[in-house]
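Every chain is numbered from 1, with letters handed out A, B, ... down the list of sequences. Since this is a predicted model, take the numbers as computed values, not measurements.
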Amino acid sequence: MKILVCISHVPDTTSKINFAEGDTKFDTNGVQFVINPNDEFGLTRAMWFKEKQGASVDVVNVGGPETESTLRKALAIGADGAIRVNTQPMDGLQVAKELAKVVQDGAYDLVIAGRESIDYNGGMVPGMLANLSGSNFINNCIGLEIEGNQATAIREIDGGKETLSTQLPLVIGGQKGLVEESDLRIPNMRGIMMARKKPLNVLEPLNTEASTTTNRFVKPAPKGAVKLVDIDHLDDLVNMLHTEAKVI
Amino acid sequence: MSVLVYTESQEGQFKKVALEVASYGKAVAEQLGTTLTALAFSANDPSQLGNYGVDKVLNVTSASRFDAKVYANAIKQAAEKENAKVVIVSSSADSKYLAPLLAIELDAAYASNVVATPTEVSPFTVKRSAFTNKAFSFTSLNTDVKLIGLSKNAYGLVENSGSATTEDFSPTLLDSNVEVKSVDRSTDKVTIADAEIVVSGGRGLKGPENWGIIEELAEVLGAATACSKPVSDLGWRPHSEHVGQTGKPVASNLYIAVGISGAIQHLAGINASKVKLVINTDPEAPFFKAADYGVVGDAFEVVPILIEKLKEFKSQNA
Ligand SMILES: Cc1cc2nc3c(=O)[nH]c(=O)nc-3n(C[C@H](O)[C@H](O)[C@H](O)COP(=O)(O)OP(=O)(O)OC[C@H]3O[C@@H](n4cnc5c(N)ncnc54)[C@H](O)[C@@H]3O)c2cc1C
Ligand SMILES: Nc1ncnc2c1ncn2[C@@H]1O[C@H](COP(=O)(O)O)[C@@H](O)[C@H]1O
């Protein structure tokens with residue numbers, strides 16, 4: 001089985017979000033970039049398929065040279081090879097088209113992507129990629145087993161979960177639950193050394209046009225001060241929630 | 001030309017998100033000077049959507065249960081039939097599942113997590129949340145057909161005195177490639193996705209045996225229960241209750257945080273909630289800076305009194 005794990009390169013969750021160039025660009029100053037958390041769960045699940053079922057695992061990112069450190073980290077965790085499509089990601093559709101080419105050329109059976117990336121929160125690349133590459137698609141995937149050509153997946157739904165069965169080729173939008181938090185891997189020294197020798201292929205992009213343009217960013221308006229209520233005046237709190245906030 | 005909304009139902013009843021996308025769709029249709037069509041699957045009373053501004057409802061009675069690919073393709077057929085230039089879906093798990101498939105079918109640019117009516121119609125520009133609610137972006141959609149995913153609770157329900165014509169619609173249904181083996185849905189519980197109020201507990205509650213006060217507070221308010229990430233990692237509560245940047249997003253009217261410090265990753269996921277009430281022993285807890293109302297105190301003392309006061313309030317306002 002050939003597995004491709006899509007890795008988006010995102011600001012660390014503790015990052016302060018600021019904008020530059022007249023609020024048109026994300027300000028990367030002082031920002032640490034990491035593997036998108038949803039993709040980290042997917043990558044760890046892929047390692048299981050590699051170790052237990054002999055799958056080969058490649059990772060891919062659509063992005064500039066600055067994302068190579070993130071791809072190297074994925075190699076250090078255990079991926080066999082990495083691919084970088086050398087173009088700046090502009091929107092979900094453009095990224096999905098670039099990835100669809102990689103999937104087709106590499107004849108991957110299973111593509112593991114994340115439910116969403118925590119930067120632009122598009123939640124669109126995996127589904128678009130599935131449709132473009134003619135694969136089946138399971139989103140919000142919290143469990144995945146593969147036997148031959150057959151996949152059994154658990155999808156989180158509003159208020160519960162469902163168990164689904166489908167066939168390869170398959171794309172999933174994965175998240176926590178695919179593996180447990182405590183199973184996430186941190187690269188060790190040996191992994192880091194080995195990663196240096198693994199292939200990181202840089203591919204030229206298709207240069208498709210973006211279908212959206214982001215003109216400007218704004219930050220939420222600053223909040224007013226909190227109204228503190230004393231434990232002896234909780235009836236006042238109930239009243240305020242009713243008459244002022246109108247939420248009960 | 002028209003605007004098309006996909007209105008979800010469960011067991012024949014429209015979900016609240018369906019009424020919200022209808023209300024929002026009406027505003028967009030007015031902005032564009034056109035009419036609003038809704039696509040429903042097996043709705044018992046499709047004409048009900050007239051109360052939220054829908055002019056025409058296409059009701060598909062032939063489809064079986066939800067399948068993202070099959071539904072996306074049926075929505076595309078409806079969009080073609082109605083010559084819809086703007087197609088709108090909600091942010092439910094099912095809508096977020098089918099939307100990217102639909103975008104490819106429609107050859108449409110897709111903006112998810114949209115929080116307001118378009119700021120401009122030419123170029124068609126929407127405000128959407130990004131960086132898990134730490135910011136917003138203004139994004140233009142440059143394709144002929146545009147697809148919008150509306151953030152939950154971002155627009156609200158707007159009643160309308162209009163009435164809707166209804167029509168049976170029989171799209172060609174694709175074969176499903178995904179078979180549902182089993183569904184495990186807790187029917188007696190309010191879900192985080194649907195809840196108007198969410199009561200959430202953190203590590204300050206010390207252990208799973210103390211969750212009774214959270215559940216009781218939620219019950220009095222008709223609220224869903226949620227928790228911080230460490231609480232689910234520790235196995236005190238199920239993963240499905242984990243909210244935050246790496247968990248479920250919460251966009252309720254009221255979010256009550258009990259014994260949660262207010263870490264940046266937690267706040268990112270719940271920021272879209274309209275009103276926040278924080279109960280914490282530590283006056284320096286960062287959550288107070290993000291809260292509207294706060295009680296500095298021990299949850300084990302504060303919550304039981306709050307439950308009593310709410311019960312009194314309920315009995316007086318029943
Ligand atoms: C990559 C990454 C992603 C993350 N994603 C998320 C996420 O999605 N969601 C999330 O929640 N976290 C997330 N976190 C974790 C986050 O950083 C915090 O560690 C976590 O939110 C803290 O949970 P807590 O507030 O329950 O616990 P603590 O930080 O331990 O806070 C407990 C609070 O309870 C108060 N308290 C103690 N006793 C009482 C009492 N008797 N009554 C009232 N108050 C009391 C304390 O004053 C304290 O403020 C993430 C972290 C990382 C690194
Ligand atoms: N630039 C990218 N390169 C590779 N994979 C990506 C990229 N952007 C998004 N993805 C994948 O698609 C998932 C969802 O991303 P998004 O649609 O941007 O929310 C991510 O978790 C990744 O798995």
Engineer: Counting only heavy atoms closer than 4.5 Å, note whether A:Pro220 contacts chain B via side chain, backbone, both or neither.
Structural biologist: both

Engineer: So which of A:Glu162, A:Gln175, A:Lys223, A:Met240 has the largest heavy-atom pair count under 4.5 angstrom toward chain B?
Structural biologist: A:Lys223

Engineer: Mind listing the closest non-hydrogen atom pair of A:Val171 and A:Ser135 along with its distance?
Structural biologist: CG2-CB, 3.8 Å

Engineer: Please classify the contact of A:Ile157 with chain B as side chain, backbone, both or neither, using a heavy-atom distance under 4.5 Å.
Structural biologist: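 Both parts, backbone and side chain.
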
Engineer: Under a 4.5 Å heavy-atom cutoff, which of B:Thr191, B:Leu98, B:Asp233, B:Val190 has the most pairs with chain A?
Structural biologist: B:Asp233

Engineer: In terms of heavy-atom proximity below 4.5 Å to chain B, should A:Asn215 be classed as side chain, backbone, both, or neither?
Structural biologist: both

Engineer: If I take atom CE from residue A:Met1 and atom CD1 from residue A:Ile146, how far apart are they, to the nearest 0.5 angstrom?
Structural biologist: 5.0 Å

Engineer: If you count heavy-atom pairs under 4.5 Å between each of B:Val302, B:Thr139, B:Asp94 and chain A, which one has the most?
Structural biologist: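 Option with the greatest count: B:Thr139.
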
Engineer: With a 4.5 Å cut-off on heavy-atom pairs, point out which of B:Val295, B:Val296, B:Asn177 contacts chain A the most.
Structural biologist: B:Asn177

Engineer: Please classify the contact between B:Phe124 and chain A as side chain, backbone, both or neither, with a heavy-atom cut-off of under 4.5 Å.
Structural biologist: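 Looking at B:Phe124, nothing touches chain A.
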
Engineer: Is there a donor-acceptor contact under 3.5 Å from the side chain of A:Ser117 to the main chain of A:Ser8?
Structural biologist: no

Engineer: Quick check for you: among B:Glu308, B:Glu196, B:Lys127, B:Glu105, which has the greatest number of heavy-atom pairs under 4.5 Å with chain A?
Structural biologist: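 Most heavy-atom pairs within the cutoff with chain A belong to B:Glu105.
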
Engineer: For B:Lys289, is it the side chain, the backbone, both, or neither that has a heavy atom closer than 4.5 Å to a heavy atom of chain A?
Structural biologist: backbone

Engineer: Where does A:Phe41 contact chain B at under 4.5 Å (heavy atoms): side chain, backbone, both or neither?
Structural biologist: neither

Engineer: Mind checking the CG-NZ spacing from A:Asp23 to A:Lys219? Nearest 0.5 Å is all I need.
Structural biologist: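 Interatomic distance, A:Asp23 CG to A:Lys219 NZ, rounded to 0.5 Å: 9.0 Å.
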
Engineer: Answer with side chain, backbone, both or neither: which region of A:Asp235 has an atom nearer than 4.5 Å to a non-hydrogen atom of chain B?
Structural biologist: both

Engineer: Just say parallel, tilted or perpendicular for the rings of A:Phe19 and A:Phe217, cut-offs at 30° and 60°.
Structural biologist: parallel

Engineer: Given heavy-atom pairs under 4.5 angstrom as the criterion, report whether the side chain, backbone, both or neither of A:Lys161 touches chain B.
Structural biologist: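 Both parts, backbone and side chain.
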
Engineer: Do B:Lys189 and B:Glu241 sit within salt-bridge range, that is, some charged N less than 4.0 Å from a carboxylate O?
Structural biologist: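 Result for this pair is yes, salt bridge flagged.
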
Engineer: Specify which of A:Thr163, A:Leu132, A:Asp230, A:Asn239 makes the most heavy-atom pairs with chain B at under 4.5 Å.
Structural biologist: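 Winner by heavy-atom pair count: A:Thr163.
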
Engineer: Starting at OG of B:Ser240, measure out to CD of A:Glu156 and round the result to the nearest 0.5 Å.
Structural biologist: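 Between atom OG of B:Ser240 and atom CD of A:Glu156 there are 6.5 Å.
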
Engineer: Highest number of heavy-atom pairs under 4.5 Å with chain B: which of A:Val125, A:Thr166, A:Asn131?
Structural biologist: A:Asn131

Engineer: Does one side chain, of A:Gln88 or A:Glu66, offer a donor that lies under 3.5 Å from an acceptor on the other?
Structural biologist: yes

Engineer: Looking at B:Ile264, B:Asn253, B:Leu101, which one has more heavy-atom pairs under 4.5 Å with chain A than the rest?
Structural biologist: B:Leu101

Engineer: Once rounded to the nearest 0.5 Å, what's the spacing between atom CD1 of B:Ile307 and atom CG of A:Leu234?
Structural biologist: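 Going from the CD1 atom of B:Ile307 to the CG atom of A:Leu234 covers 11.0 Å.
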
Engineer: Identify which part of A:Leu170 has an atom lying under 4.5 Å from any heavy atom of chain B, answering side chain, backbone, both or neither.
Structural biologist: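 Neither part.
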
Engineer: Mind ranking A:Thr213, A:Leu228, A:Thr214, A:Leu164 by heavy-atom pairs under 4.5 Å with chain B and telling me who comes out on top?
Structural biologist: A:Thr213

Engineer: To the nearest 0.5 Å, what is the distance between CZ (B:Phe136) and CZ (B:Phe131)?
Structural biologist: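 It is 13.0 Å, given to the nearest 0.5 Å.
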
Engineer: Measure distances from B:Val275 to the heavy atoms of chain A and classify the residue's part below 4.5 Å as side chain, backbone, both or neither.
Structural biologist: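 The side chain, not the backbone.
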
Engineer: Answer yes or no: does atom NZ of B:Lys314 have more than 12 heavy-atom neighbours from other residues, nucleotides or ligands under 6.0 Å?
Structural biologist: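 Check passes, neighbour count above 12.
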
Engineer: Take A:Ile231 and B:Glu301 through the test side-chain contact (heavy atoms from CB on, under 4.5 Å) and record every step on the way to the result.
Structural biologist: CA-CA 8 Å; A:Ile231 183 164; B:Glu301 292 167 24; 3.9 Å; yes

Engineer: Could you have a look at B:Asp292, B:Val183, B:Thr143, B:Ile192 and say which one has the most heavy-atom pairs with chain A under 4.5 angstrom?
Structural biologist: B:Asp292

Engineer: Is B:Glu312 in contact with chain A via its backbone, its side chain, both, or neither, using a 4.5 Å heavy-atom distance?
Structural biologist: neither

Engineer: Regarding A:Arg45 and A:Glu145, does a basic nitrogen lie under 4.0 Å from an acidic carboxylate oxygen?
Structural biologist: yes

Engineer: Counting heavy-atom pairs closer than 4.5 Å to chain B, which one of A:Gly173, A:Ser211, A:Gly177, A:Ala153 comes out on top?
Structural biologist: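 It is A:Ser211.
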
Engineer: Rounded to the nearest 0.5 Å, how far does CG of A:Leu43 lie from CG of A:Asn36?
Structural biologist: 12.0 Å

Engineer: Report which part of A:Pro126 has an atom under 4.5 Å of a heavy atom belonging to chain B: side chain, backbone, both, or neither.
Structural biologist: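 It is neither, since no heavy atom gets under 4.5 Å.
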
Engineer: Give, as side chain, backbone, both or neither, the part of A:Ile17 having an atom under 4.5 angstrom from any heavy atom of chain B.
Structural biologist: side chain

Engineer: Side chain from CB out, backbone as N, CA, C, O: work out which of these in B:Ala99 comes under 4.5 Å of a heavy atom of chain A, or both, or neither.
Structural biologist: neither

Engineer: Chain A heavy atoms under 4.5 Å from B:Leu221: which part of the residue, side chain, backbone, both or neither?
Structural biologist: side chain

Engineer: Measure distances from B:Ile197 to the heavy atoms of chain A and classify the residue's part below 4.5 Å as side chain, backbone, both or neither.
Structural biologist: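 Contact with chain A involves the side chain of B:Ile197 alone.
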
Engineer: Under a 4.5 Å cutoff for heavy-atom pairs, which residue among A:Ala130, A:Gly92, A:Gly160, A:Gly159 has the most contacts with chain B?
Structural biologist: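 The candidate making the most pairs under 4.5 Å is A:Gly159.
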
Engineer: So, B:Ser140 side chain and B:Thr125 main chain: donor-acceptor pair closer than 3.5 Å or not?
Structural biologist: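 Checking the backbone N and O of B:Thr125 against the side chain of B:Ser140, no donor-acceptor pair under 3.5 Å is found.
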
Engineer: Please indicate whether A:Asp232 has more than 12 foreign heavy atoms, meaning atoms of other residues, nucleotides or ligands, lying under 6.0 Å from its CG.
Structural biologist: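 Atom CG in A:Asp232 is packed in, count exceeds 12.
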
Engineer: Crowded around B:Asp184 CG? As in, over 12 foreign heavy atoms under 6.0 Å?
Structural biologist: yes

Engineer: Using heavy-atom distances under 4.5 Å, tell me whether A:Glu180 contacts chain B through its side chain, its backbone, both, or neither.
Structural biologist: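 Contact with chain B is through the side chain of A:Glu180 alone.
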
